[in-house]
Amino acid sequence: MTVVTRFAPSPTGFLHIGGARTALFNWLFAKHHGGIFHLRIEDTDRARSTEAAIAAILDGLQWLGLDWDGEVVYQFARAPRHAEVVSQLLAAGKAYPCYCSVEELEEMRKAAMVAGKPMKYDGRWRDRDPKDAPAGVKPVIRLKAPQSGETVVADGVQGEVRVGNEQLDDMVLLRSDGNPTYMLSVVVDDHDMGITHVIRGDDHLTNTFRQRQIYDAMGWEAPHFSHIPLIHGPDGAKLSKRHGALGVEAYRDMGYLPEALRNYLLRLGWAHGDDEVISTQQAIDWFDLGGIGRSPSRFDFAKLDNLNGQYMRQSDDADLAAKVAQRLGKEQDPAALALLTRAMSGLKTRAKNLKELAENAAFYVQPRPLALTDKAKAQLDSVEAQVLLPKLVAAYRDETQWQAAKLEERARAFAEAEGLKLGAVAQPLRAALTGSTQSPPIFEVLEIVGRDESLARLADALTPAI
RNA sequence: GUCCCCAUCGUCUAGUGGCCUAGGACACCAGCCUCUCACGUUGGUAACACGGGUUCAAAUCCCGUUGGGGACGCCA
């Protein structure tokens, strides 16, 4: 049997982090089994679905590298098929029209709440003669669900979960405007698409009972379900826009690498022993339902940062330089690109995301005179620096081999002659060359920046501020 | 309110009855490295929610309590 999974987001917003993880798990599970991964856009809510959201979801998945098989399925386009299934259910006496008003429904729920009973529709139209239908009211179609016994779901993560049928009411299959509801559409589409394994958020666990009843009514075999625990914010509460519930494009903008985010998301709720840094191929080889945890997890930027840093350090210098150049608006500048590529090995251990990397790299490609941080300015303005630097510059002017090792040698000899520690010389140098008190090794910077530009920056630093 | 799910360091987790004096990772603290900041490296602080069982033996199984989360729409 070929494994067929799907990711089925509703296009009412961006692709958030929880959805991205659900997509990842489905993708991984399909890949692991040599199966198929489908993408289905659940756009039956015509009022809230938007083109922009669809675009954001597709972009997000592509950025993450989660490619789907075949064409994207748009659920609303299948509405006629959904209605057809409802007709079959109606003809078989397994569904019926209900003429309740929203006000009546609301009253039922309130009454049930105060009576300490489950809030549900009481089934008043279940066996009523359609002749009694109020004039001019378009009915919804409800499933004639079993009223006794229990519905059982064998969940791949949560184990066997069961609920008494008296807890469940006759759910709406078709709205009064003739459009199918989510509950009906998922079942019909999952069945028609041949989905074998449904992996989705825990918030769907209780829906599964209702869906199970539709499968049973149609005489269809239900797929194997796995409900993965939700991701919470750092405070343990439901993920909100304040913390992690950003669209994946926000993570891209913050400078996270897709492979790092994927690795982080994989480890959030899934484990393979003590393994932390897991390549895509290993993830595919190892992914299984048994490794999925049962409790909710919290989103932790600190760990994502660390992982992203590890991935950046492993990244190819030219690739990183290209990404940085783009962020600095220098993607059309071959000289800047070459310089950044050479600088990258010293830069990439000092940033945890591309945004920082670009900020730290900026001094290499910025035109003179360099902007100085307050600390750097204070360092250069000190009497010591103004006395020391000219002497060092004089020594450097004589240096014919503009190489880090040679320049460091000169600086060390100079510091010794002056009775100073190397740091006393290196720091003013750093301030003049980078505009900052923190940077990659300064002699490496000198070499990469080059003789002329280095001496020019030093000259700038020695010119009294205007 | 009714139902469902969950519960190991601050966080992500390993653990599937003896290998647990509870392991790893992130974060944090200290040392080393060092021209700064990082990286790297060495070490440290830190957890089985609570109460009952079952068993020769329980973080692991059962029951209850407490605490978290989710669902209860003509949303998905």
Side-chain angles (χ1 to χ4, degrees), chain A residues 8-12 42-45 47-49 75 98 100 102 105-106 109 112-121 138-142 153 155 157-159 161-164 166-169 171-177 179-183 185-186 201-210 227 229-230 232 234 236-238 264 267-277 290 293-307 309 313 346-352 360 408 411-412 415 421-427 429-431 434 436-443:
Chain A
S10 64
T12 52
E42 309 222 316
D43 54 352
T44 52
D45 184 343
R48 294 199 297 155
S49 296
Q75 192 161 56
C98 165
C100 275
V102 289
L105 259 12
E106 188 51 38
R109 285 183 202 113
M113 171 99 83
V114 297
K117 291 182 176 167
M119 294 193 287
K120 57 173 216 176
Y121 165 66
K138 286 201 167 184
V140 298
I141 306 299
R142 288 179 182 273
V153 172
D155 193 272
V157 173
Q158 311 293 351
V161 187
R162 48 184 68 224
V163 71
E166 71 281 356
Q167 293 293 332
L168 275 17
D169 63 3
M171 78 197 92
V172 173
L173 265 19
L174 216 54
R175 300 183 241 254
S176 53
D177 65 1
N179 284 322
T181 60
Y182 159 77
M183 218 55 89
S185 308
V186 247
D202 216 3
D203 49 340
H204 287 283
L205 183 58
T206 51
N207 287 333
T208 311
F209 298 118
R210 311 180 107 86
H227 288 90
L230 269 19
H232 292 160
K238 196 172 177 179
Y264 177 73
R267 282 292 288 109
L268 206 54
W270 180 85
H272 182 267
D274 286 336
D275 293 306
E276 295 286 348
V277 179
R294 274 183 298 271
S295 51
S297 47
R298 300 186 188 201
F299 194 90
D300 180 16
F301 272 103
K303 186 144 183 175
L304 208 211
D305 283 342
N306 175 274
L307 210 43
R313 274 170 250 140
L347 250 15
K348 67 185 181 184
T349 58
R350 292 173 170 75
K352 50 186 188 287
N360 295 345
E408 178 168 352
R412 283 188 187 278
K421 287 187 172 179
L422 183 57
V425 178
Q427 279 306 91
L429 253 187
R430 189 185 316 281
T434 72
S436 168
T437 51
Q438 300 164 11
S439 83
I442 193 58
F443 304 108

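Chain naming here is simple, since letters A, B, ... match the order of the sequence lines and numbering starts at 1 in each.
Summarising the geometry, the separation between CG on A:L168 and P on B:rA71 is reported as 15 Å, rounded to the nearest angstrom. With rounding to whole Å, A:R350 atom CZ is found 15 Å from B:rU34 atom P. Rounding to whole angstrom units, CE of residue A:M183 and P of B:rA71 are separated by 11 Å. Nucleotide B:rG73 holds its C1' atom 14 Å from the CG atom of A:D177, rounded to whole Å. A:L173 places its CG atom 14 Å from the C1' atom of B:rG73, with the value rounded to the nearest Å. The separation between A:L174 atom CG and B:rC74 atom P is 13 Å, rounded to whole Å. Following rounding to the nearest Å, A:K352 (NZ) and B:rA27 (C1') show an atom-to-atom distance of 12 Å. With rounding to whole Å, A:M171 atom CE is found 15 Å from B:rA76 atom C1'.
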Practice task
Scan nucleotides 1-23 of chain B nucleotide by nucleotide, 5' to 3', and note B when protein non-hydrogen atoms come under 4.0 Å of the base, S if they reach only the sugar-phosphate, - if neither.
Solution key: BSSSSSS---SBSS--------B

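The nucleotide whose nearest atom lies closest to any side-chain atom of A:N306 is, among B:rC39, B:rC35, B:rC26, B:rC26.
B:rC4 and B:rC63 are spaced 13 Å apart, taking the P atom of each and rounding to whole Å. When the P atom is compared between B:rG18 and B:rA25, the two are found 24 Å apart, to the nearest whole Å. Using C1' as the reference atom, B:rU45 and B:rC28 are 8 Å apart when rounded to the nearest Å. Comparing the C1' positions of B:rU8 and B:rU60 gives a spacing of 11 Å, expressed to the nearest Å. Rounded to the nearest Å, the gap between the P atom of B:rC26 and that of B:rG40 is 8 Å. As rounded to the nearest Å, B:rG52 and B:rA59 have P atoms that lie 14 Å from one another. Comparing B:rA30 with B:rG67, their P atoms sit 38 Å apart, to the nearest whole Å. Atom name P, nucleotides B:rC29 and B:rC56: the rounded distance is 49 Å, in whole Å.
Within the shown strands, B:rG53 is the pairing partner of B:rC61 under the Watson-Crick or G-U definition, both distances less than 3.5 Å. If you check B:rA30 for Watson-Crick or wobble pairing at under 3.5 angstrom, you find it paired to B:rU42. Summarising the base pairing, B:rA47 is matched to no nucleotide, lacking a Watson-Crick or G-U wobble pair whose two defining distances lie under 3.5 Å. Here B:rA7 sits opposite B:rU66 as a Watson-Crick or G-U wobble pair (both hydrogen-bonding atom distances under 3.5 Å). When both distances must be under 3.5 Å, the Watson-Crick or G-U wobble mate of B:rG1 is B:rC72.
Donor-acceptor pairing under 3.5 Å is recorded for the side chains of A:S439 and A:R430. Side-chain contact annotation: A:H227 with A:D202, donor-acceptor N/O pair under 3.5 Å absent.
Nearest-nucleotide positions on RNA chain B for A:R210 and A:R412 put A:R412 closer to the 5' end.
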Exercise for the section: For A:I141 and A:V172, run side-chain contact (heavy atoms from CB on, under 4.5 Å): C-alpha distance rounded to whole Å, both residues' side-chain angles, the deciding distance at 0.1 Å, then the answer. Expected result: CA-CA 6 Å; A:I141 306 299; A:V172 173; over 6 Å; no

Exercise for the section: Show your working on side-chain contact (heavy atoms from CB on, under 4.5 Å) between A:L168 and A:K120 and close with a plain yes or no. Expected result: CA-CA 7 Å; A:L168 275 17; A:K120 57 173 216 176; over 6 Å; no

Handout entry: A:M171 vs A:T181, side-chain contact (heavy atoms from CB on, under 4.5 Å): CA-CA, chis, key distance, verdict
Key = CA-CA 9 Å; A:M171 78 197 92; A:T181 60; over 6 Å; no

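Contacts of A:P440 with the nucleic acid, taken as non-hydrogen atoms under 4.0 Å apart, include base atoms. In this structure, A:D275 reaches neither bases nor backbone, as no heavy-atom distance under 4.0 Å exists between it and the strands shown. When heavy atoms are screened at a 4.0 angstrom cut-off, A:H204 is found touching base atoms of the nucleic acid. Contact annotation for A:T44: backbone-only contact, meaning every heavy-atom pair under 4.0 Å involves sugar-phosphate atoms and none involves a base.
Between A:R48 and the phosphate of B:rA76, there is no side-chain N or O to OP1/OP2 separation shorter than 4.0 Å. Between A:S436 and B:rC37 there is no side-chain N or O to OP1 or OP2 distance below 4.0 Å.
Look at A:E276 and A:K303 and you find a salt bridge, because one of the NZ, NE, NH1 or NH2 atoms lies within 4.0 Å of a carboxylate O, short of that distance.
Taking 3.5 Å as the limit, the base of B:rA76 and the side chain of A:D43 contain no donor-acceptor pair of atoms between them. One can find a donor-acceptor pair under 3.5 Å joining the base of B:rC35 and the side-chain atoms of A:R430. In the interface, the side chain of A:R313 is not paired with the base of B:rC39 through any donor and acceptor atom under 3.5 Å apart.
Judged as a side-chain hydrogen bond (donor to acceptor under 3.5 Å, both in side chains), and not counting sequence neighbours, A:D274 has no contacts. Residues meeting the side-chain hydrogen bond (donor to acceptor under 3.5 Å, both in side chains) test with A:D275, sequence neighbours left out: A:H272.
By the 30° and 60° cut-offs, the orientation of the rings of A:Y182 relative to A:H204 is tilted.
The minimum heavy-atom distance between A:S297 and A:L268, with the atom names listed, is OG-CG, 3.5 Å.
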